[in-house]
Amino acid sequence: MRLTNISSLLIFSALLIGCATSSDDDAMVGTEDTGKGRICTLKVMTNEIEDEGGLNSSNPIVIYVFAADGHCVAKQQLTSSQEQLSFTLKEGYYDIAAVAGIQATNSNLPSVETATLASVITPEENIGELMVTSQSVVLSYGETNFVMLALKRKVAQLKSVRINRVPQEVTAVSITLSPIYSGVTLSGELAGEKNYKEVELMPFADYSWRLETPLFLLPSSGPMTIKVKLTTAEGTKSYSYLTSHELAANHMLNIQGTCNLAMTVDLTGSITTEDWAGERTISFRFDSEGSAWAPTTIEGETVPLVGTLFRGCYVLASQEMNANETKVTLLMPEKIMIQRYLDTVSENDIKTELEDLLDSKEYGGLYGWRTMNVDEIQIFWANYENINSIMSDYDNAYIPIAAEDLVIYTKSSGYLRGVNAEFKAAYPLYNRDEFVLKGVTDVVFTK
């Protein structure tokens with residue numbers, strides 16, 4: 001698979017659509033009144049791909065044309081940026097769909113007879129830089145229309161994986177990402193059954209195991225679970241962690257980790273946007289028994305409803321992961337007061353101190369507490385009065401949250417901030433005298 005420079009690649013398909021008559025030999029468009037309906041010519045071109053100098057035969061652009069009633073009337077492909085595609089169509093309304101980065105011989109690409117905008121493309125095992133887009137156009141007799149159709153990247157990139165200091169007795173290392181989509185429709189919507197991607201790592205002389213070549217994968221269909229498997233002669237240990245973030249299309253994922261002699265793995269991962277506008281770091285902690293600190297998995301119990309209590313903790317959010325698993329986010333009952341930090345204390349030191357504090361907490365037999373993310377802090381402040389009411393009825397010693405309290409959360413950039421009910425400003429932890437720490441934890445209920 002040939003990779004293209006992600007930070008600079010922008011592909012556009014230019015559709016020059018016209019119905020104006022012309023006598024020039026170089027006319028791009030044409031019309032004809034056949035008596036059976038006025039005919040227009042639609043021509044499709046694509047510009048050069050930056051840093052590549054054009055398309056190649058392994059990375060074609062396939063064009064579908066759909067009539068107003070939804071049936072496919074044409075399918076062609078571009079294998080070179082020097083080519084032009086020509087479609088002869090009656091005037092009227094059409095949807096144009098374009099697919100790039102997938103072999104035209106792939107059996108999952110629908111034929112003219114079977115294609116609809118809802119057709120799902122399920123890429124082969126090693127997918128390319130899959131790009132899809134669609135747009136509506138109207139061909140009007142006697143007019144010339146020019147439309148620029150921009151292909152949109154529908155995959156994420158697993159850019160690097162590296163596990164350091166792997167013991168010599170380990171014979172195989174792999175990671176599995178789930179749940180991920182299995183396909184995308186011709187209209188550009190992610191679709192398909194929830195799936196997973198397992199990737200084998202290769203050993204290197206410095207006792208690290210790495211991903212040899214970056215690869216593309218479809219985005220996650222919910223917050224990602226990352227599982228690391230280490231195999232020795234005695235068997236395989238698996239380390240799993242459910243992150244609070246989804247892996248979106250057009251983003252990169254880097255994972256780095258270290259394994260100590262007790263077969264404990266500490267992982268850090270980052271998800272970055274294509275434009276590198278910001279970076280999100282996700283930390284993963286695993287114990288020596290091969291199980292993650294979070295999330296807790298509970299089997300066979302009824303999933304608690306949002307706005308109720310579970311083991312004395314408020315149910316802040318709930319998300320169905322698949323037919324058999326539901327992730328529930330719980331809010332800790334305790335209100336922990338955090339005093340202002342000096343502005344000389346680094347963000348990493350503050351984060352480590354709060355993580356250690358939350359790691360030491362246990363409520364209702366539950367561990368793995370963390371700071372709220374952007375979505376969770378918004379849910380929290382939208383429901384804080386109900387939280388106070390329910391928790392006060394349950395526990396007389398409960399200390400309510402006040403509207404002016406600056407509750408700590410983690411921004412998408414990874415920085416810690418405090419925000420009150422007005423949500424007008426988010427303050428660094430050295431900017432005000434006092435902050436409130438209310439941690440959350442994730443629990444997965446399985447049938």
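Bear in mind that the values here come from a model prediction, so they are computed numbers and not experimental data.
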Enumerate, atom names and distances included, each donor-acceptor pair closer than 3.5 Å involving a side-chain atom of residues 390-404, sequence neighbours excluded.
residue	atom	partner	partner atom	Å
Ser392	OG	Asn388	O	2.7
Asp395	OD1	Ala397	N	2.9
Tyr398	OH	Asn388	OD1	2.9

Any chance you could measure [X], atom [atom1], to [Y], atom [atom2], to the nearest 0.5 Å?
X      : Y      : atom1 : atom2 : result
Lys152 : Thr133 : NZ    : OG1   : 5.0 Å
Leu109 : Gln77  : CG    : CD    : 9.0 Å
Thr446 : Met321 : OG1   : CE    : 13.0 Å

> Can you list every pair that meets side-chain hydrogen bond (donor to acceptor under 3.5 Å, both in side chains) and has a residue in residues 306-319, with sequence neighbours left out?
Replying inline: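 Found Tyr314-Asn386.
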[X] and side-chain contact (heavy atoms from CB on, under 4.5 Å): which partner among [options]?
X      : options                        : result
Phe310 : Val328, Ile298, Leu305         : Ile298
Leu217 : Val199, Leu253, Leu158         : Leu158
Met372 : Thr410, Leu331, Ile379, Thr329 : Leu331

> Do the rings of Tyr363 and Trp369 sit parallel, tilted or perpendicular, given the 30° and 60° boundaries?
Replying inline: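 Perpendicular, since the angle between the ring planes exceeds 60°.
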>> Using 30° and 60° as the class boundaries, would you call the ring planes of Phe66 and Tyr64 parallel, tilted or perpendicular?
In response: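 Rings of Phe66 and Tyr64: parallel, as their planes differ by under 30°.
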> More than 12 non-hydrogen atoms from neighbouring residues, nucleotides or ligands closer than 6.0 Å to OH on Tyr207, yes or no?
Replying inline: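 Open: at most 12 neighbouring heavy atoms sit under 6.0 Å from OH of Tyr207.
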> Under 6.0 Å from the CD atom of Gln339, do we count more than 12 heavy atoms belonging to anything else shown?
Replying inline: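 Count over threshold, so yes.
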> Checking Arg370 side chain against Val440 main chain: does a donor-acceptor pair fall under 3.5 Å?
Replying inline: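 Such a contact is absent between Arg370 side chain and Val440 backbone.
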> Taking the side chain from Glu353 and the backbone from Ile350, do they hold a donor-acceptor pair closer than 3.5 Å?
Replying inline: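 Pair absent, no side-chain N/O of Glu353 close to backbone of Ile350.
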